[in-house]
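Just so we're clear, the structure is a prediction, and the values are computed from it rather than from any experiment.
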Amino acid sequence: MRLADPLRRFSVTLLDDVRAANGHEDIPAAGLLLQLKTHYPDLQVDAVAGDAGFGFEAYLHTVFVALQARRVIDRRRHETDRDKTQWPTRGYDDHGRPICAYGYALNSYGFDRERHRHKWACDRTCLLGKDPQVKLSQVTYPPPECPYLANAPHGRVINVGERFADASIRLVRDIPMRSSAWKSLYPRARNAVEGCNATFEGWGFKRMSVFGLLRSKALLFLADALETLSTLARLVREATLASLLT
């Protein structure tokens, strides 16, 4: 579990745990998140980034409720995501973007930090001549029966908190996937894959150079300790130089 601080340009390992590759990591990882307040009581977490292995309810719930942080977790796919005709019924697509009942994708209006929820609006896209994300055969476009056409200028407005309206949490994200904000935060995850080069995956370290869980734990501990000490030494050196210059 790494802390990435973009303002001070460093990242350090706060807590560590290693599990077998075929085991669930969301439950022990959620436990580590709950330990942060004990070990680092002054730490204020803005966002938590991670790969799809963390895309389960326990971890997503802990990030949102216990840490009050934004979830930047890669999507965990499900067979139901492949059937696009079901997206308007359930209310969101395979990336967690809300979809109206007529197949149009809603636009993001950002995450409200005070209310801890994400606002979305359709902006009456159907009246602008744009094609729906999912075109339904039984619907006339633009749909004259839509009750939100008279709600100028934003049409239908919804707020998504911890879960969608159907109580699902698997694809709820507080930052839209593939957005510029997402692309700036997601690469900080150690096992980030999509569009990332400066990570374990990009460096060719997807597989450990040693065999066995104990050896892997020892190797990662040594690597994290060396990197953390190097980072602290750099921060001390920069602070010393800054004090001399002032």
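- Counting only heavy atoms from C-beta outward, the side chains of Gln86 and Val134 never approach each other to under 4.5 Å.
- Taking each heavy atom of Tyr92 and Asp166 in turn, the nearest pair found is OH-OD2, 2.9 Å.
- The two residues Pro176 and Ser108 make their nearest non-hydrogen contact at CG-OG, 3.6 Å.
- The 12-atom threshold is not exceeded at CZ of Arg77, counting heavy atoms of other residues, nucleotides or ligands nearer than 6.0 Å.
- With a 4.5 Å cut-off on side-chain heavy atoms, Leu14 and Leu43 count as touching.
- Side chain to side chain, Tyr104 and Asp123 fail the donor-acceptor criterion of an N or O pair below 3.5 Å.
- At least one side-chain heavy atom of Leu34 sits under 4.5 Å from a side-chain heavy atom of Thr62.
- Counting only heavy atoms from C-beta outward, the side chains of Arg70 and Arg113 approach each other to under 4.5 Å.
- Residues Tyr102 and Cys126 fail the side-chain proximity criterion, which asks for heavy atoms closer than 4.5 Å.
- Using a cutoff of 4.0 Å between basic side-chain nitrogens and carboxylate oxygens, Asp81 and Arg90 are scored as salt-bridged.
- Below 30°, between 30° and 60°, or above 60°: for Phe111 and His118 the angle between ring planes is between 30° and 60°, a tilted geometry.
- The main-chain N or O of Leu106 is found under 3.5 Å from a side-chain atom of Arg97 such that the two form a donor-acceptor pair.
- The 12-atom threshold is exceeded at CD of Glu145, counting heavy atoms of other residues, nucleotides or ligands nearer than 6.0 Å.
- In this structure, Leu171 CG and Met177 CE are separated by 6.0 Å, a value rounded to the nearest 0.5 Å.
- When every heavy atom of Arg178 is checked against every heavy atom of Lys183, the shortest pair comes out as O-CE, 3.3 Å.
- Under the 4.5 Å side-chain criterion, counting only non-hydrogen atoms from C-beta, Leu33 is in contact with Met1.
- Across all their heavy atoms, Asp174 and Ala69 have their closest contact at OD2-O, 3.9 Å.
- Side chains of Gln35 and Leu15 form a contact here, defined as non-hydrogen atoms less than 4.5 Å apart.
- Cluster annotation: Leu219 and Leu213 are assigned to the same hydrophobic cluster (Ile/Leu/Val/Met/Phe/Trp/Tyr, side-chain heavy-atom contacts under 4.5 Å, transitive).
- Taking the six-membered ring for Trp and the full ring otherwise, the centers of His116 and Phe64 sit less than 6.0 Å from each other.
- The hydrophobic clustering, which links ILVMFWY residues whose side-chain heavy atoms are closer than 4.5 Å, places Phe56 and Leu32 apart.
- In this model, no donor atom of one side chain and acceptor atom of the other lie less than 3.5 Å apart for His78 and Arg170.
- The closest side-chain heavy-atom distance from Arg156 to Asn151 is not below 4.5 Å.
- Within 6.0 Å of CZ on Phe221 lie no more than 12 heavy atoms contributed by other residues, nucleotides or ligands.
- Using a cutoff of 4.0 Å between basic side-chain nitrogens and carboxylate oxygens, Asp94 and Arg75 are scored as salt-bridged.
- Nearest heavy-atom pair, Ile73 versus Trp182, reported as atom, atom and distance to 0.1 Å: O-CH2, 3.1 Å.
- Distance alone, capped at 3.5 Å, places no donor-acceptor pair between the Thr228 side chain and the Ala225 backbone.
- Of the residues listed (Arg2, Glu227, Arg188), the one engaging Ser11 in a side-chain hydrogen bond (donor to acceptor under 3.5 Å, both in side chains) is Arg2, and it is the only one.
- Under the side-chain hydrogen bond (donor to acceptor under 3.5 Å, both in side chains) criterion, the residue pairs touching residues 124-144 are Asp93-Gln133, with sequence neighbours excluded.
- A donor-acceptor pair is defined here as one N or O able to donate and one able to accept, closer than 3.5 Å; no such pair exists between the side chain of Ser168 and the backbone of Phe164.
- Across all their heavy atoms, Gly50 and Tyr186 have their closest contact at O-CE1, 3.3 Å.
- Shown are Arg71, Arg117, His61; of these, the side-chain hydrogen bond (donor to acceptor under 3.5 Å, both in side chains) with Glu162 is made only by His61.
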